[in-house]
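To start, the structure itself, in structure tokens.
Whatever order the structure lists them in is the order used to number ligands and atoms, beginning at 1. Values below: all heavy atoms of this structure, side chains included; hydrogens, waters and symmetry mates excluded.
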Amino acid sequence: MKEILYLTNERREKNLPAQAVEELRARLRGRLLCEDDSGYDDLRQVWNGMIDRKPALIVQCIGAHDVIESIRFARTHDIATAVKGGGHNVAGMAVCAKGLMIDLSPMRSVHVDAQQKTVRVGGGCLLGDVDCETQRNGLAVSAGIVSHTGVAGLTLGGGFGWISRKHGLSIDNLLSVDLVTAEGQLLTASPEAHPELFWAIRGGGGNFGIVVSFEFKCAEIGTEVYSGLIVKKFEDARQYIQFHRDYVRTLPDEMTVWMVVRHAPPLPFLPAEVHGKMIVVVPFVWLGNEAEGRDLIRPIQEATPSHAEAIGMNPWAAWQSGFDGLVGHGARNYWKSHHITGLSDECIDQTIAFGETMPSAECEIFIPHMEGAPSRVPIEETAFSHRKTPFVLNIHTRWQDAADDDRCIAWARDFHAATQAFAQGVYVNFLSEEGDERVKEAYTESVWDRLVKVKRQYDPDNFFRMNQNIKP
Ligand SMILES: Cc1cc2nc3c(=O)[nH]c(=O)nc-3n(C[C@H](O)[C@H](O)[C@H](O)COP(=O)(O)OP(=O)(O)OC[C@H]3O[C@@H](n4cnc5c(N)ncnc54)[C@H](O)[C@@H]3O)c2cc1C
């Protein structure tokens with residue numbers, strides 16, 4: 001085997017002696033892959049097809065031992081290092097060019113404690129893994145809405161989805177983590193053990209260590225939820241959104257109603273003549289009895305005419321993976337996002353104007369309603385700072401052809417700039433690569449200062465820097 005060229009943390013090129021690589025291979029339980037190995041190209045792929053980076057080495061970790069060995073090896077040779085959970089991060093933080101990729105994807109064990117209603121989840125699990133196991137007992141963890149998203153990245157940034165208005169963010173249900181520090185030490189962080197570290201990882205991302213397992217409290221939601229999609233006409237968008245902005249804020253926490261402005265995909269319940277047209281989709285989940293849910297949904301049905309709807313009792317796991325196909329791996333993606341203080345008439349005007357110039361049929365303007373249990377958690381309890389804003393405006397720009405990159409990215413940036421006046425902070429997990437100053441906007445000033453302190457204590461050399469970085 002020949003020497004391997006790699007990049008140090010300071011971006012200098014160096015060579016790794018072949019013997020060092022072989023010694024690492026011998027110490028691991030999992031596989032070590034270099035560029036020529038079969039499977040290398042599949043493993044370096046992440047969700048966003050715009051990211052095309054070739055790591056010098058990929059370690060497929062089977063357990064904490066492999067994570068510790070990888071970190072020690074990277075430190076000894078000063079190799080730039082990235083950590084892959086589910087690989088969904090839109091900025092492609094899970095993979096680094098000519099560095100070491102610590103891939104947790106083999107660590108997908110899920111252990112449910114049905115008595116305690118808790119679950120322990122491996123650091124490489126996808127959301128679908130957790131739903132699959134917890135649903136056997138009618139339980140669920142409050143998390144995101146696409147089953148191929150990684151639990152790790154989602155949770156470390158905050159984590160919200162269909163049941164978070166009732167049950168809190170993913171971090172609000174996190175009981176403890178087992179984590180390997182930048183020194184290669186395995187420790188448990190919880191309210192009792194390393195409490196500052198436990199505070200920081202709940203919103204501060206992967207800046208403080210590699211989580212090998214998460215322990216969550218589960219919610220009892222049963223195996224079916226009253227849920228569905230109502231598809232509104234784009235020509236009535238102003239009237240509908242004006243109704244929506246007020247109505248959803250009156251609803252009990254058990255009801256979550258969101259909004260998506262996009263081109264109609266060819267869904268079977270939509271008439272063929274609507275396919276490809278601009279629409280306003282209103283998806284909802286109700287955690288309660290069907291008759292009550294129906295009453296709460298009726299005003300939405302009556303607010304403006306609908307193209308079609310698909311509503312009923314849906315198996316939770318099927319609902320959680322129902323949107324997977326619209327956001328599969330490999331397309332080109334660029335996101336811009338902010339929390340917004342409300343859907344003022346001016347903000348609605350911009351949403352409609354940019355809806356009219358949407359640059360591809362796969363783009364979405366995604367506006368989740370966030371209030372409820374998350375906004376009642378005191379700000380200082382976790383590092384997730386923006387709990388009080390009612391809505392998020394997430395501009396999902398998605399397309400297939402590299403020739404469209406400039407046009408699509410420009411649309412997202414212009415739309416984002418045009419709605420900046422209504423913004424208050426950003427969700428760290430919805431950031432693209434937007435620079436150091438922008439990362440700070442995910443946090444209040446006092447939270448940021450506290451995060452920097454924790455970073456200095458647990459990662460003073462900034463070993464974990466392929467992330468929305470908090471510099472020590
Ligand atoms: C299609 C899609 C749908 C989404 N839906 C939601 C949603 O409903 N709700 C929501 O809150 N967010 C959602 N997100 C955003 C999502 O939370 C982020 O993309 C998140 O980064 C995904 O985590 P991951 O593990 O898949 O990512 P990765 O790209 O693997 O990692 C993201 C970051 O976390 C670090 N990291 C990964 N694993 C670990 C670990 N075990 N220990 C320490 N650091 C680690 C990585 O180094 C990287 O910096 C969605 C994203 C996509 C693409």
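Annotation: atom 22 (C) of ligand 1 to nearest protein heavy atom, His88 CB, 3.7 Å. For atom 33 (C) of ligand 1, the closest heavy atom belonging to the protein is Gly153 CA, 4.4 Å. The protein heavy atom nearest to atom 8 (O) of ligand 1 is Ile145 N, 3.0 Å. The protein non-hydrogen atom at the shortest distance from atom 35 (C) of ligand 1 is Val83 O, 4.1 Å. Of the protein's non-hydrogen atoms, Met93 CB, 3.7 Å is the one closest to atom 48 (C) of ligand 1. Scanning the protein heavy atoms around atom 6 (C) of ligand 1, the nearest turns out to be Leu154 CD1, 4.1 Å. For atom 17 (O) of ligand 1, the closest non-hydrogen atom of the protein is Asn429 ND2, 3.1 Å. Shortest contact from atom 25 (O) of ligand 1 to any protein heavy atom: Gly86 N, 2.9 Å.
A ring-ring contact (aromatic ring centres under 6.0 Å, His included) with Phe160 is found for one member of Trp258, Phe391, Phe384 and no other, namely Trp258. Each of Lys455, Lys471, Arg456 was scored for a side-chain hydrogen bond (donor to acceptor under 3.5 Å, both in side chains) with Asn462, with one residue passing: Lys455. The one candidate from Lys453, Arg450, Arg202 that meets the salt bridge (charged side-chain N to carboxylate O under 4.0 Å, His left out) condition with Glu196 is Arg450. In summary, of the residues considered (Leu270, Leu229, Ile230), a side-chain contact (heavy atoms from CB on, under 4.5 Å) with Glu309 occurs for Ile230 alone.
Judged purely by distance below 3.5 Å, without hydrogens or angles, the side chains of Asp414 and His416 never pair a donor atom with an acceptor atom. Between the side chains of His339 and Thr389, at least one donor-acceptor pair of N or O atoms lies under 3.5 Å. Counting only N and O atoms by type, the side chains of Glu362 and Gln400 include a donor and acceptor under 3.5 Å apart.
The main-chain N or O of Leu139 is found under 3.5 Å from a side-chain atom of Thr134 such that the two form a donor-acceptor pair.
Aromatic ring centres of Trp319 and Trp162 lie closer together than 6.0 Å. Between His369 and His244, a ring centre-to-centre spacing not shorter than 6.0 Å is recorded.
The atoms of ligand 1 that sit less than 4.0 Å from any heavy atom of Gly209 are 42 (N), 43 (C). Listed by atom number, the atoms of ligand 1 under 4.0 Å from Lys84 heavy atoms are 30 (O). Within ligand 1, counting atoms from 1 as listed, the ones closer than 4.0 Å to a heavy atom of Met466 are 47 (O), 49 (O). Atoms of ligand 1 lying under 4.0 Å from any heavy atom of Leu156, numbered from 1 in the order shown and given with element: 42 (N), 43 (C), 44 (N), 45 (C). Applying the 4.0 Å criterion to heavy atoms of Ala152 picks out, from ligand 1, the atoms 38 (N), 39 (C), 40 (C), 41 (N). Listed by number with element, the atoms of ligand 1 under 4.0 angstrom from any heavy atom of Phe160 are 7 (C), 8 (O), 9 (N), 10 (C), 11 (O). Taking every non-hydrogen atom of Asn467 and a distance limit under 4.0 Å, the qualifying atoms of ligand 1 come out as 49 (O). For ligand 1, the atoms lying closer than 4.0 Å to a non-hydrogen atom of Leu104 are 40 (C), 41 (N).
Where the criterion is an N or O separation shorter than 3.5 Å, residue side chain and backbone included, Ile210 fails it with respect to ligand 1. An N or O contact shorter than 3.5 Å links Val211 to ligand 1 by distance. For ligand 1, one of its N or O atoms has an N or O atom of Tyr427 under 3.5 Å away.
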Does Ile365 form a side-chain contact (heavy atoms from CB on, under 4.5 Å) with Val260? I'd like the steps, not just the answer. CA-CA 6 Å; Ile365 304 169; Val260 181; over 6 Å; no
Begin with the C-alpha distance, continue with both residues' side-chain angles, and end with the deciding distance and a verdict on side chain to side chain donor-acceptor pair (under 3.5 Å) for Thr256 and Arg165. CA-CA 7 Å; Thr256 296; Arg165 290 197 64 224; 4.8 Å; no
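With a 4.0 Å cut-off on non-hydrogen atoms, Val146 touches ligand 1 through its side chain and not its backbone. Contacts with ligand 1 closer than 4.0 Å are made by no heavy atom of Gln468, backbone or side chain.
Using a cut-off of 4.0 Å between Lys/Arg side-chain N and Asp/Glu carboxylate O, Arg44 and Asp52 are scored as salt-bridged. With respect to Arg72 and Glu69, no salt bridge is recorded, no charged nitrogen being found less than 4.0 Å from a carboxylate O.
By the 30° and 60° cut-offs, the orientation of the rings of Phe415 relative to Phe354 is parallel.
Not close to ligand 1: Val46, with no non-hydrogen atom less than 4.0 angstrom away. Using a non-hydrogen distance threshold of 4.0 Å, Trp335 registers as a contact of ligand 1. Using a non-hydrogen distance threshold of 4.0 Å, Phe464 does not register as a contact of ligand 1. For Ala143, the closest heavy-atom approach to ligand 1 does not fall below 4.0 Å. At a 4.0 Å cut-off, at least one heavy atom of Phe430 sits close enough to ligand 1 to count as contact. In this structure, Gly205 does not count as a contact residue of ligand 1, since none of its heavy atoms falls inside 4.0 Å of the ligand. By the 4.0 Å heavy-atom criterion, Gly158 is excluded from the residues contacting ligand 1.
With a 6.0 Å radius and a threshold of 12 heavy atoms from other residues, nucleotides or ligands, Lys217 has its NZ atom at or below the threshold.
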